[in-house]
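Along the sequence shown, residues carry numbers from 1. The structure presented is a predicted model; accordingly, all values stated were derived computationally and were not measured.
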Amino acid sequence: EPEPPTAVRAIWEAHHTEAAYVAGAAVDAAEHALLSERGAESPFFIFPVHREGGHFTLVSQFAPEKQMFVMTYLEHYKKDPALAPPWASVTLYDELLHTKQLGLLRAEADADRLTKPEAARLLTQLRHVYATDAYGSRTTGPWALNHAERHFNVEEYFQSVQPPPAAAVEPTAGSRD
């Protein structure tokens, strides 16, 4: 136990700053628990990815046994969920929860489909919708989509997710097909 939690957090986040197509975050034990518990309770959600003046949609499914959110292109998912290739994943690591009260998150993007800033933004969006009051929103949160679908308002949700500033957008990754 030589490193205090603040040092572990800094090391984890610095490592992911330098890694290509990967984003990371270190979170307190309470946020990690919310992500895991709420992911299991409401495993499906959608995330807009803003690009080229518009957006496309990724669908996310939480796999509790792997502690992982897996994301794929919505149109591929609609055609055949079993064959839809993963575009990104967010893995929750719990190895340091008991000793450091720290959970580690790692978002990995398919380099042919998403940019590193897009992966980082997906991680931020996922944390927002699963670990804040947004989760229980009656019309735009994961709980509504999974348990009260007729009340989920996709247009309202997409309008609430602002595109990143123009300076944060990198050149387009590969095609969606």
Legend entry - Validation row: H15, E13 side chains within 4.5 angstrom (heavy atoms): no
Inset, instruction - Using modelled atom types only, decide if a donor and an acceptor are shared between the side chain of Y157 and the backbone of I46 within a distance under 3.5 Å. - result: yes
Inset, instruction - Using the rule that two of Ile, Leu, Val, Met, Phe, Trp, Tyr join whenever any of their side-chain heavy atoms come within less than 4.5 Å, decide whether V90 and F44 are in one cluster. - result: yes
Inset, instruction - Test side-chain contact (heavy atoms from CB on, under 4.5 Å) on L58 and L74 and set out the steps. - result: CA-CA 5 Å; L58 297 183; L74 179 61; over 6 Å; no
Inset, instruction - Can you see which heavy atom on W143 is nearest to which on E41, and at what distance? - result: CD1-OE1, 3.7 Å
Inset, instruction - Spell out, yes or no, whether V70 and V49 are grouped together once hydrophobic residues are joined by side-chain heavy atoms under 4.5 Å, including indirect joins. - result: no
Legend entry - Path from L34 to L122 over hydrophobic side-chain contacts below 4.5 Å: no
Inset, instruction - Please work out whether the ring planes of F69 and F62 are parallel, tilted or perpendicular, with thresholds of 30° and 60°. - result: tilted
Legend entry - Residue pair V22 / K116: nearest heavy atoms and the distance that separates them: O-NZ, 2.7 Å
Inset, instruction - Would you name the heavy atoms of A119 and A109 that are closest together and state the gap between them? - result: CB-CB, 3.7 Å
Inset, instruction - Indicate yes or no for a side-chain donor-acceptor contact from R38 to the backbone of Y130 under 3.5 Å, with no hydrogens or angles considered. - result: yes
Legend entry - Minimum heavy-atom distance between L114 and A88, given as atom pair plus value: CD1-CB, 3.8 Å
Inset, instruction - Decide yes or no on side-chain contact (heavy atoms from CB on, under 4.5 Å) for R9 and L102, but give the supporting numbers first. - result: CA-CA 8 Å; R9 179 185 301 267; L102 202 60; 3.4 Å; yes
Inset, instruction - Mind telling me whether H16 and W12 have parallel, tilted or perpendicular rings, with 30° and 60° as the class edges? - result: tilted
Inset, instruction - Evaluate side-chain contact (heavy atoms from CB on, under 4.5 Å) for L105 paired with R127, printing each intermediate quantity in order. - result: CA-CA 10 Å; L105 311 178; R127 290 178 65 193; 3.8 Å; yes
Legend entry - Test side-chain contact (heavy atoms from CB on, under 4.5 Å) applied to H32 and L96, step by step: CA-CA 11 Å; H32 188 277; L96 301 177; over 6 Å; no
Legend entry - Common cluster, F56/L123, ILVMFWY with side-chain heavy-atom separation under 4.5 Å: yes
Legend entry - Q125 and H128, any side-chain heavy atoms less than 4.5 Å apart: no
Legend entry - In one Ile/Leu/Val/Met/Phe/Trp/Tyr side-chain cluster, 4.5 Å: L126, V27: yes
Legend entry - Side-chain donor or acceptor of K100 paired with backbone N/O of V8 under 3.5 Å: no
Legend entry - Audit row: W87, Y77, ring pair (Phe, Tyr, Trp, His ring centres under 6.0 Å) steps and yes/no: CA-CA 11 Å; W87 280 41; Y77 185 84; over 10 Å; no
Inset, instruction - Hey, could you give me the OG1/CG distance between T72 and L83, rounded to the nearest 0.5 Å? - result: 10.5 Å
Inset, instruction - If the plane angle is over 60° it's perpendicular, under 30° parallel, otherwise tilted; pick one for F152 and F45. - result: perpendicular
Inset, instruction - Would you kindly say whether S36 and Q67 are connected by a side-chain donor-acceptor distance under 3.5 Å? - result: yes
Legend entry - Note: E118-R113 ion pair, threshold 4.0 Å (strictly below): no
Legend entry - Student check: side-chain heavy atoms of V129 and P142 closer than 4.5 Å: yes
Inset, instruction - Under the side-chain hydrogen bond (donor to acceptor under 3.5 Å, both in side chains) rule, what do Y135 and S42 come out as? Steps first, then yes or no, please. - result: CA-CA 9 Å; Y135 173 77; S42 300; 2.8 Å; yes
Legend entry - Side chain proximity check, P85 to H76, heavy atoms < 4.5 angstrom: yes
Inset, instruction - Specify the closest pair of heavy atoms between A120 and A23, including all atoms of both residues, with the distance to one decimal. - result: CA-CB, 3.6 Å
Legend entry - F47 CZ to H55 NE2 distance, which is reported to the nearest 0.5 Å: 13.0 Å
Inset, instruction - State whether the side chain of N153 and the backbone N or O of T139 hold a donor-acceptor pair below 3.5 Å, judged by distance alone. - result: no
Inset, instruction - Give a yes-or-no answer on whether the side chains of E156 and T140 include a donor-acceptor pair shorter than 3.5 Å. - result: no
Inset, instruction - State, with a plain yes or no, whether a side-chain heavy atom of V161 is found less than 4.5 Å away from one of H50. - result: yes
Inset, instruction - Check whether more than 12 heavy atoms from other residues, nucleotides or ligands sit under 6.0 Å from atom CG of D133, and answer yes or no. - result: no
Inset, instruction - Search all heavy atoms of K66 against all heavy atoms of T91 and return the closest pair with its distance. - result: O-CG2, 4.4 Å
